[in-house]
Amino acid sequence: LDDGRAAQVTSSAVLLTDAESGMVTDTWRSPENTSVTSVAASLNTIVVSLKGAALVVLDMSGSGISEGAKREFSSHEQVSCVTLSSTIPNVCVAGFWQDSKVSFLDLQTLEAVATEQVAEDDLLAVPRSLAIANIIPNSPPTLFVGLADGNVVTYSVESQSKLFAARKSIILGTQQANFTVLSRGDGLENVLAICEHPSLIYGSEGRMVYSAVTAEDATCVSSFDSAAYPGSIAIATADTGELKLAVVDQERTTHVETLAVHETVRRIAYSPSLKAFGLGTIKRTLTA
């Protein structure tokens, strides 16, 4: 949190602890026979989903945990994922199991401000992960929606009246992509998508770029930018049970090595069978 305290969310409680002593200073527990199935946090606000049937807003700005808005949903409107972002204050974004629906919800009432059906053709493509990030300089924030079928849909959050603008879609696999927002330190952010084809999403020359990264076995990623490991991330793996610390480049770099031919190159061709390039050159010489 902003004041150095830490908030831990378990399947049944939210614990507020002092980071230095490790002592628990306050606890919020979920109602009996309910469990926390998803959570989103930003600054001093946490939104928890209780079995997808209810959302609860928790405020950590005071000395303890205070419960804010709470909304229960009907059996035809269950929450599948939720996210928060400081770039879009006073609202949270929730995905729903039914109708491939994503909604911006007012944090004061948890009532829908705007709603969009993300998968236009396949209503079984459920939103399973969400993220909001400032990707491109001098541009509105981008909403990322990871669908269960492997599609990643993005929207430009231009204004309160245009929360779902400039829809784009890309396929990163056959299963959902889980997003982690990574700060670049210049006011911009990158997004790391963990899926069958892990990708770093960043802005370059006014457009969004998807670049492959080597994190195929990752199941969970978190920013670990600290004094000892500046600009690092922590990667957890399920199969090997490892925890790795790594550094991800802010954008894809191309390594170029100059090779002198000593002739003028006029044509270039590539042979897939030989995996070799052929150069057609001209060499000029001066003779007496």
Side-chain angles (χ1 to χ4, degrees), residues 37-40 47 49-55 71-85 87-88 91-106 110-136 139-181 189-203 207-212 218-221:
T37 52
S38 61
V39 60
V47 176
S49 171
L50 303 177
K51 286 188 174 181
L55 288 179
R71 180 184 173 188
E72 296 183 358
F73 296 89
S74 66
S75 58
H76 300 290
E77 195 179 28
Q78 299 287 292
V79 176
S80 59
C81 52
V82 64
T83 191
L84 281 171
S85 175
T87 60
I88 309 178
V91 296
C92 68
V93 185
F96 295 88
W97 290 100
Q98 287 77 20
D99 300 331
S100 186
K101 186 173 64 174
V102 173
S103 297
F104 281 83
L105 307 177
D106 189 330
L110 290 178
E111 294 296 329
V113 176
T115 300
E116 180 81 1
Q117 183 178 303
V118 179
E120 299 175 352
D121 299 327
D122 185 5
L123 298 183
L124 297 179
V126 179
R128 297 294 289 120
S129 58
L130 299 166
I132 299 175
N134 287 312
I135 298 291
I136 303 174
S139 296
T142 300
L143 169 64
F144 293 85
V145 182
L147 300 180
D149 61 358
N151 267 289
V152 173
V153 180
T154 62
Y155 294 94
S156 178
V157 186
E158 296 184 357
S159 64
Q160 290 290 336
S161 59
K162 295 183 67 176
L163 295 173
F164 295 97
R167 183 187 188 276
K168 296 181 181 179
S169 177
I170 188 173
I171 299 176
L172 291 184
T174 59
Q175 298 179 353
Q176 71 192 59
N178 295 311
F179 305 114
T180 300
V181 179
E189 297 164 315
N190 292 341
V191 174
L192 188 61
I194 298 301
C195 52
E196 294 169 79
H197 304 287
S199 301
L200 180 70
I201 309 170
Y202 63 93
R207 61 189 180 90
M208 195 179 303
V209 178
Y210 290 74
S211 181
T219 56
C220 185
V221 177

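Computation of the quantities below employed the complete heavy-atom set of this structure, encompassing side-chain atoms and omitting hydrogens, waters and symmetry-equivalent molecules.
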To the nearest 0.5 Å, what is the distance between [atom1] ([X]) and [atom2] ([Y])?
X: Ser103; Y: Glu116; atom1: OG; atom2: CD; result: 9.5 Å
X: Asn178; Y: Thr219; atom1: CG; atom2: OG1; result: 9.0 Å
X: Asn151; Y: Gln176; atom1: CG; atom2: CD; result: 12.5 Å
X: Ser85; Y: Glu189; atom1: OG; atom2: CD; result: 6.5 Å
X: His76; Y: Asp99; atom1: NE2; atom2: CG; result: 11.0 Å
X: Thr83; Y: Phe179; atom1: OG1; atom2: CZ; result: 10.0 Å

Restricting to salt bridge (Lys or Arg N to Asp or Glu O under 4.0 Å), what partner residues turn up for Lys51, sequence neighbours left out?
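Per chain and number, Lys51 pairs via salt bridge (Lys or Arg N to Asp or Glu O under 4.0 Å) with no residue.
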Tell me whether [X] contacts the main-chain N or O of [Y] through its side chain, where contact means a donor paired with an acceptor under 3.5 Å.
X: Gln98; Y: Gln78; result: yes
X: Trp97; Y: Val79; result: yes
X: Ser199; Y: His197; result: yes

For a quick test of reading the model, state the closest non-hydrogen atom pair linking [X] to [Y] and the distance between them.
X: Ile194; Y: Ala218; value: CG2-O, 3.1 Å
X: Asp106; Y: Val113; value: N-CG2, 3.8 Å
X: Ala119; Y: Ser100; value: N-OG, 3.0 Å
X: Tyr155; Y: Leu163; value: CB-O, 4.4 Å
X: Glu196; Y: Pro198; value: O-CD, 3.4 Å
X: Val91; Y: Leu84; value: O-CD2, 3.5 Å

Can you check side chain to side chain contact (heavy atoms under 4.5 Å, CB included) on Phe144 and Ile201, steps first, answer last?
CA-CA 10 Å; Phe144 293 85; Ile201 309 170; 3.9 Å; yes
CD (Glu158) with more than 12 external heavy atoms under 6.0 Å
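Atom CD in Glu158 is packed in, count exceeds 12.
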Without placing hydrogens or testing angles, list every side-chain donor-acceptor pair under 3.5 Å for residues 124-136, not counting sequence neighbours.
| unit_1 | atom_1 | unit_2 | atom_2 | d |
| --- | --- | --- | --- | --- |
| Arg128 | NH1 | Ser80 | O | 3.1 |
| Ser129 | OG | Ala177 | O | 2.3 |

Would you call Leu105 and Arg71 a side-chain contact if the rule is heavy atoms closer than 4.5 Å?
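SC-SC contact between Leu105 and Arg71 confirmed.
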Take Phe164 and Leu143, measure what side chain to side chain contact (heavy atoms under 4.5 Å, CB included) needs, and give me the verdict at the end.
CA-CA 8 Å; Phe164 295 97; Leu143 169 64; 3.9 Å; yes
